[in-house]
Each structure stands twice: as C-alpha cells, then as structure tokens.
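As structure tokens, the structure follows; a few thoughts come after it.
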2 protein chains.
Amino acid sequence: MARTQQSRTFPQPGHNHDRCAVQALARAEALCDAKRLRFTSVRRRVLATVWASHAPIGAYDILAQLNAGGGRNAPMAVYRALDFLLAHGLVHRVASLNAFVGCAHPGEAHSHKLGSQLLICRACGSVVEFDGRAVSAAVARAAPGFAIESEVIEISGLCPHCRRLTRRKAIARD
Amino acid sequence: MARTQQSRTFPQPGHNHDRCAVQALARAEALCDAKRLRFTSVRRRVLATVWASHAPIGAYDILAQLNAGGGRNAPMAVYRALDFLLAHGLVHRVASLNAFVGCAHPGEAHSHKLGSQLLICRACGSVVEFDGRAVSAAVARAAPGFAIESEVIEISGLCPHCRRLTRRKAIARD
DNA sequence: CTCGTAAACGTTATAGTATAACGTATCAAT
DNA sequence: ATTGATACGTTATACTATAACGTTTACGAG
C-alpha cells in the first residue's frame, strides 16, 4: 500500500486533508473487518469527525458536529464510540488537552498498548506521533525497578511550519 | 542542607511522611521568601494538602480538605492557589489523572519550565519525578525541526514496592 | 430459522473538572 | 496617605466524563 503522506511529519499547511481523512477511514474499516469488529455508524461518524483535522477535538465538539444536522445524540454515544476507537488504537487521547486525535498508525502495536507519543503545535494545533522507541528506551533506563505499563508523552511547542512563520514575523518587526 | 529522603525514588510504604510534608512546606516558604512571592494562607494550606501524601489529589478533594473544619472556600480559591503553585514549580499537574502532586525539587529549573516527568504507581498511587534529562534528549532527537516548549511525560505502572507485593501474591496463588 | 446471548445503543441523570466575571480587600512602594 | 498591583471572595457557568437503566441489534449455536 502506497503511503500518500508521511504521517510522522507535520502536515503542510495547505495539504489536501480529505486524503488523510478518507485514508484513515479506509484503514479503520479494514482493521475492523480483519478483527471482526463492528465499525458502526456512530463509530464511523465519530472517527470521521476526529479526522476532520489534525488538531485534537473535544468530546463535546465531536458531539456538536454529530448533531449539526439535527441529530439527537447524547454525550454517552460519543464517549462510547471514543472508548471503542481508543481500545483499538484508532484514536489517541491527548491528556494534556482533554481531547482526542486520530491515530495515523493503527495496528502498529505501539499505539494503544504503551500509550502515545505526540508532538503538539501550540500555534496551528496540529498533532503528530513521533517515533518514540528511543524515548521509551530512555524512559526504561531512567526508571530502574519500575514496571512500565503505559506512557503518556505529549510534547508541546512549535511545528516547523509555524516556527518559520513566527520567525518571519519577528524579523518583520525589526 | 541534608536530604532526609531520596526524593527521586519511591517512598517506602511505611516511611515517616510528616517529614516530607514539613520539608516541602519549608522549602516553599524559603523559595517564596527568596523570590519575594506571597506565600499566603490559602496557598500554604493547599500545598500542605497536596503534600498530605505522595499520591496526586484532585482540586475538589483539596477543596474538601480545606473546608473540612467548616471552611467556606470556593473552587476558585483552590484553582488560584494551584495556578500560583504550578507557576512557581511547587506542584505538578498530572494531566493523565486531572490531579496535582507536590514537586520534590522546586527551583531546579527543569520542573515547571519544561514540564514534568513522572512515574505513577497504579497500585499505591505514589508519584515520583525521575531524572528525565536523557529522555528529554531523546525527545529532542526524535523531533527534528520541532521547537520544544514543554513536555508532559507520565509513565504508569508498578513501583518497586508494589511490584514485589504483586509477585508475592502471584507466587502464593500457585 | 429461531433462539439465546452478548454487544451496541438510547436515555436520563449526575458526578467531576475548570474558568469567567465581577467586586472587595490587602500589600507595598512612592 | 495615595495609588496601583496583587490576592481574595462570590456567583455563575462552561466543560468533561460516567452511572445505571432499559431496548435494540447482530450473530453464532443448535
């Protein structure tokens, strides 16, 4: 399967995001099909809403989107769908923001078993996962005697694109 | 100043916790004194409550403690005190638990500027900071082009003491 | 096929976490 | 003493999450 994006780097500001979403939905469907999981309508719609951008979205914002066309879903519907998607590594919880973001690498073991390793741009809001194997190794070395079960690693700052913009502005001020 | 505890290791199950609390309060007082900050009554009481154990405590549990003797504090009082304590590195927010824990190393630069690096025991609830310099370095290497501003690193699992207990039980079952 | 069971869902209520916005009090430097 | 900034009191409200119930739906066993 050809990778249409380098999902471990920050998305270009003007990229065609439909591709990301469509691809994520397709992968989720394939994964559920393979594992005999029920990819129901609510679950699909919640995942689609999460994938509406690369920025984390809160449960109640998902709910609002879900009900935008006159729906009558209750918060529980969203939280149950999110529980399912979390359990199967299709989304990540962003603990530092109380929000959720799509997982670009579902099924790659790392994702939900050990937690998530995320870079969060405070300017554009985008979140990407990074390859945290070296980080996990460092954590394990730094915590001798501690039996690690899960890791929440959330790094905030400026993504390359926004950093460039910020610098330009700073220069313009001179 | 003599260190009465090795604050980067998990506290012994039966350790004399009063010492930890008293010491933490004393350090906070010293730090506020040095920086000309107002270590007010509410702030002191909130910090004392946070230091009532090594386990994170929620804002509303702090509030309950504060009002245990008939007080009439509102949530805002607690959150404002927590904001102050967070800003000056006297407590850490535990994002994955929506709770707060005392910082054993206030003033050591790492603490609040870059975020926190915590080990969380799911059995006894204790939290300790670990030396995450190597972890931070690994993160920096894993995120080229990303301008890191803060890190939330929260590792859950079993601390050495609880791991030992768990093993004993497992053996006893045989 | 239909029956039994487990999973998913709908619904209502409630618990738990956090901030907005306003006015008052306190402190400290002039 | 005046003043400006910081801290506090108070009320209201927004936001996040789960409990507990009953009903519906999907799906395999017989």
Side-chain angles (χ1 to χ4, degrees), chain A residues 28-29 31-50 55-67 69-88 90-101 125 152 154, chain B residues 28-29 31-50 55-67 69-88 90-101 125 152 154:
Chain A
E29 180 124 41
L31 186 146
C32 289
D33 204 53
K35 291 199 195 171
R36 306 285 155 121
L37 302 170
R38 297 194 217 164
F39 196 43
T40 64
S41 166
V42 187
R43 291 168 179 176
R44 166 181 293 277
R45 274 146 54 209
V46 167
L47 185 58
T49 304
V50 166
I57 181 173
Y60 279 72
D61 289 335
I62 296 172
L63 180 63
Q65 288 300 313
L66 230 60
N67 289 342
R72 297 244 173 259
N73 298 280
M76 276 308 300
V78 171
Y79 279 103
R80 280 202 277 239
L82 287 171
D83 283 345
F84 171 86
L85 297 170
L86 285 167
H88 297 97
L90 294 166
V91 304
H92 292 294
R93 166 187 296 276
V94 186
S96 58
L97 299 175
N98 288 323
F100 304 86
V101 71
V152 171
E154 299 175 5
Chain B
E29 182 123 39
L31 186 145
C32 289
D33 204 53
K35 291 198 195 173
R36 306 285 156 121
L37 302 170
R38 297 194 217 165
F39 196 41
T40 64
S41 167
V42 188
R43 290 168 179 175
R44 166 182 293 278
R45 274 147 53 211
V46 167
L47 185 59
T49 304
V50 166
I57 182 173
Y60 279 74
D61 290 335
I62 296 173
L63 180 63
Q65 289 300 313
L66 230 60
N67 289 342
R72 297 243 174 260
N73 298 280
M76 275 308 300
V78 172
Y79 280 103
R80 280 201 278 239
L82 286 171
D83 283 345
F84 171 86
L85 298 170
L86 285 166
H88 298 97
L90 294 166
V91 304
H92 292 294
R93 168 188 293 277
V94 187
S96 58
L97 299 175
N98 289 323
F100 304 86
V101 72
V152 171
E154 299 175 5

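Residue numbers start from 1 in every chain, and the chains themselves are labelled A, B, ... in the order their sequence lines are given, proteins ahead of strands.
- For the pair B:Leu37 CG and D:dA7 P, the interatomic distance rounds to 8 Å; values are reported in whole Å.
- Both thresholds, 5.5 Å between centres and 30° between ring planes, are not jointly met by A:Tyr60 relative to the base of D:dC15, so the two rings are not stacked.
- Only one option out of B:Val46, B:Val50, B:Ile57 pairs with B:Val91 in a side chain to side chain contact (heavy atoms under 4.5 Å, CB included); it is B:Val50.
- Between A:Tyr79 and D:dT18, a side-chain N or O to OP1/OP2 separation shorter than 4.0 Å is absent.
- Atom CE in B:Met76 sits roughly 17 Å away from atom P in C:dT24 (whole-Å rounding).
- Summarising the geometry, the separation between CZ on A:Arg38 and P on C:dT5 is reported as 16 Å, rounded to the nearest angstrom.
- A:Arg45 is not listed as a side-chain neighbour of A:Gln65, based on a closest heavy-atom distance of 4.5 Å or more.
- Rounding to whole angstrom units, CG of residue A:Leu66 and P of C:dT11 are separated by 13 Å.
- Note: CZ (B:Arg44) to C1' (D:dC8) measures 18 Å, nearest angstrom.
- Smallest separation of non-hydrogen atoms from B:Ser96 and A:Val152: CB-CG2, 4.3 Å.
- Across all strands shown, B:Arg43 has heavy atoms under 4.0 Å from sugar-phosphate atoms exclusively, and none from any base.
- Nearest-nucleotide positions on DNA chain C for B:Arg80 and B:Arg36 put B:Arg80 closer to the 5' end.
- Mapping B:Thr40 and B:Ala74 onto DNA chain D by nearest heavy atom places B:Thr40 at the nucleotide closer to the 5' end.
- Looking at every heavy atom in both residues, B:Arg72 comes nearest to B:Asn67 through N-OD1, 3.4 Å.
- Going from atom CG of B:Asn98 over to atom P of D:dC15 covers 16 Å, rounded to whole Å.
- Regarding B:Arg93, its CZ atom lies at a distance of 13 Å from the C1' atom of D:dT16, rounded to whole Å.
- Between A:Phe84 atom CZ and C:dA8 atom P there is a gap of 7 Å when expressed in whole angstrom units.
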